[in-house]
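Below is one structure, written out as structure tokens; comments come after it.
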Number of protein chains: 2
Amino acid sequence: MSERVVADGERRRRRPTKRGTVLSEALIVETALRLIGEHGAAALTVRRLGTALGADPSALYRYFQDTDDLLLAVADELIGRTLRAWRPSGEWRADLRSLGLRIHADYQAHPQAAVLTCTRVTGRVHEMRSVETILGILRGAGFPDAEAVRIYHVFVDQTLAFAALDATVLTLPKESRILEERTWRERYARLGADTHPHVAATAPTLVAEMGRSAYPAALEMMLAAAEARLRHVRA
Amino acid sequence: MSERVVADGERRRRRPTKRGTVLSEALIVETALRLIGEHGAAALTVRRLGTALGADPSALYRYFQDTDDLLLAVADELIGRTLRAWRPSGEWRADLRSLGLRIHADYQAHPQAAVLTCTRVTGRVHEMRSVETILGILRGAGFPDAEAVRIYHVFVDQTLAFAALDATVLTLPKESRILEERTWRERYARLGADTHPHVAATAPTLVAEMGRSAYPAALEMMLAAAEARLRHVRA
DNA sequence: ACCTTATGACAACGCCGTTGACGCATCGGC
DNA sequence: GCCGATGCGTCAACGGCGTTGTCATAAGGT
């Protein structure tokens with residue numbers, strides 16, 4: 001009984017589909033990312049991906065064990081792209097800021113993959129290099145080892161956690177998101193000052209604030225606390 | 001054409017199902033939580049929930065518009081349980097700290113449900129009371145409205161985001177978690193000081209740190225930044 | 001040019017959420 | 001204690017999903 005899926009490198013024959021496209025692991029992952037980008041996260045189904053490729057959906061199972069396997073490949077590609085495009089400036093706060101915002105933004109662009117990836121330890125080369133990079137930034141800034149490790153942990157998990165949280169919202173069906181926004185606008189804005197005085201007093205600000213991600217603000221607070229800590233350590 | 005779903009309080013007739021159970025919004029939510037806890041988040045489907053209740057799946061649509069509506073009810077019930085047990089101390093930092101840690105801990109106790117629900121805005125009673133409570137803590141501490149709203153947003157999203165992230169790890173099957181951790185240790189141990197000097201220099205601390213949640217540290221950094229901000233505003 | 005076999009196509013299975021029609025049991029009014 | 005209205009549980013069906021077993025066919029090594 002031969003395995004259904006073979007490694008991409010060991011593939012022996014490239015037989016075009018009925019509609020002429022020649023499949024490959026890379027092409028499938030690429031098309032999956034395009035589908036997500038163009039038609040939203042919900043558009044990524046095996047059947048639709050097959051159609052977009054001009055192939056029978058079941059053909060994909062020659063390249064990936066199942067949907068989960070496919071999504072992991074997509075996620076890995078995403079990590080690679082993100083890291084490849086980042087350039088350090090040499091100033092630790094600016095570097096952490098740009099790295100965090102970039103990861104967050106890139107994951108938001110592909111919510112489906114982000115939600116799946118963020119909580120998973122890949123242990124791959126890119127991940128190891130990112131650990132080394134961030135630790136280097138912190139130790140280079142003068143944080144003692146214990147402090148650097150702690151701040152690294154907070155930085156990474158906070159970035160991934162917010163990325164997953166914000167991406168999940170984007171994963172929801174469109175109606176849910178519209179409903180959610182209306183909930184804030186109508187329900188919270190109309191709470192009476194007698195029962196909910198604090199909400200009533202801040203309603204307009206609250207509605208505006210909840211419409212966007214809290215990650216940038218959270219990142220700034222975290223960087224501010226880190227800098228205060230660094231000053232304290234140096235003194 | 002009468003509405004399919006009526007509010008739970010206005011329900012006029014209680015007709016038992018074929019198998020004898022008398023449905024109600026509360027019973028359905030409760031059963032949903034039990035299903036999630038016993039068999040994982042994936043076990044929560046309308047059809048399985050119907051079977052668990054001893055009712056036809058379509059009967060649930062007399063109580064909830066759709067699956068999304070049901071999930072919101074489950075989420076709100078979780079918030080309610082958490083908030084009900086919390087007691088304020090009157091000191092804003094201590095209150096935010098205990099509230100954050102409690103939410104984080106309670107959601108970890110129901111990882112499956114947490115992952116599923118903690119990204120949703122329910123707009124239901126329990127959630128609205130929690131918004132009011134936290135905003136009250138911040139405004140009472142002396143934060144101006146805009147600042148209070150911003151910090152509320154960071155606090156809530158950070159807590160939920162970490163809860164979801166940490167809960168997801170608990171959701172994984174035990175074997176793969178152990179395997180994953182071992183893989184990490186071995187990979188880190190093998191990294192040479194020549195290619196990954198920072199990782200090599202901090203390896204023991206790193207392994208110890210990554211074994212626990214970063215939420216408490218993240219919360220402390222966030223509170224420290226908030227207090228600095230408050231001092232700045234007051235001056 | 002042949003033979004093997006990798007690979008794409010097809011059909012089917014069993015899930016899923018959701019809906020419209022239907023009929024029975026329950027409740028208010030007498 | 002009956003009766004009519006109707007709330008609500010049930011049934012059947014639709015279209016979509018992931019996945020798999022089987023088949024035929026074209027690609028490659030020889």
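Chain letters run A, B, ... following the sequence lines, proteins first and then strands; every chain starts at 1. In this text the structure is predicted, and so the values were computed from the model without any measurement.
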(message) Below the 4.0 Å mark, does D/dC11 have OP1 or OP2 next to a side-chain nitrogen or oxygen of B/Lys18?
(response) yes
(request) For the side chain of B/Arg62, starting at C-beta, report the closest nucleotide among C/dT19, D/dC23, C/dC22. (result) C/dC22
(message) Using side chain to side chain donor-acceptor pair (under 3.5 Å), reason through A/Glu132 and B/His196 one step at a time and then give a plain yes or no.
(response) CA-CA 6 Å; A/Glu132 175 66 17; B/His196 297 75; 5.5 Å; no
(message) On the nucleotide C/dT18, are OP1 or OP2 found under 4.0 Å from the side-chain N or O atoms that B/Thr67 carries?
(response) yes
(request) Tell me whether the OP1 or OP2 atom of D/dG9 has a side-chain N or O from B/Tyr63 closer than 4.0 Å. (result) yes
(request) For the side chain of A/Arg48, starting at C-beta, report the closest nucleotide among C/dT18, D/dC17, D/dC11. (result) D/dC17
(request) Could you state the atom-to-atom distance from CD of B/Gln65 to P of C/dG17 in whole Å? (result) 17 Å
(request) Write down the distance between CG (A/Leu49) and P (C/dG8), rounded to a whole number of angstrom. (result) 13 Å
(message) Check this for me: does any side-chain nitrogen of one of B/Arg81 and B/Glu77 sit under 4.0 Å from a carboxylate oxygen of the other?
(response) yes
(request) Specify the separation, in whole Å, of atom CG of A/Asp56 and atom P of D/dT20. (result) 14 Å
(request) Begin with the C-alpha distance, continue with both residues' side-chain angles, and end with the deciding distance and a verdict on side chain to side chain donor-acceptor pair (under 3.5 Å) for A/Thr159 and A/Tyr215. (result) CA-CA 8 Å; A/Thr159 302; A/Tyr215 177 67; 2.8 Å; yes
(message) Distance check needed: C/dC16 P versus B/Leu70 CG, whole Å only.
(response) 14 Å
(message) Is there a side-chain contact between A/Tyr61 and the phosphate of C/dT7, meaning an N or O under 4.0 Å from OP1 or OP2?
(response) no
(request) Could you tell me whether the phosphate oxygens of D/dC17, OP1 or OP2, come under 4.0 Å of any side-chain nitrogen or oxygen in A/Thr45? (result) yes
(request) Decide, yes or no, whether a salt bridge links B/Glu38 with B/Arg34 under the criterion of side-chain N to carboxylate O below 4.0 Å. (result) yes
(request) Mind calculating the distance between CG (A/Leu53) and P (C/dT7) to the nearest angstrom? (result) 16 Å
(message) Is there a side-chain contact between B/Arg47 and the phosphate of C/dG14, meaning an N or O under 4.0 Å from OP1 or OP2?
(response) no
(request) Please determine, for the side chain of A/Thr17, which listed nucleotide (D/dC17, C/dC22, C/dA9) has the closest atom? (result) C/dA9
(request) Figure out the CG/C1' separation between A/Leu60 and C/dT7, and round it to whole Å. (result) 12 Å
(request) Mind calculating the distance between CZ (B/Phe64) and P (D/dC8) to the nearest angstrom? (result) 14 Å
(request) Report the distance from atom CZ of A/Arg19 to atom P of C/dA9, rounded to the nearest whole Å. (result) 9 Å
(request) Mind listing the closest non-hydrogen atom pair of A/Ala163 and A/Gln108 along with its distance? (result) O-OE1, 4.3 Å
(message) If you assign A/Arg15 and B/Ala55 each to the DNA chain D nucleotide with the nearest heavy atom, which residue ends up on the more 5' nucleotide?
(response) B/Ala55
(request) Determine the contact category for B/Pro16: base if any of its heavy atoms lies under 4.0 Å from a base atom, sugar-phosphate if only primed atoms, P, OP1 or OP2 are that close, otherwise nothing. (result) sugar-phosphate
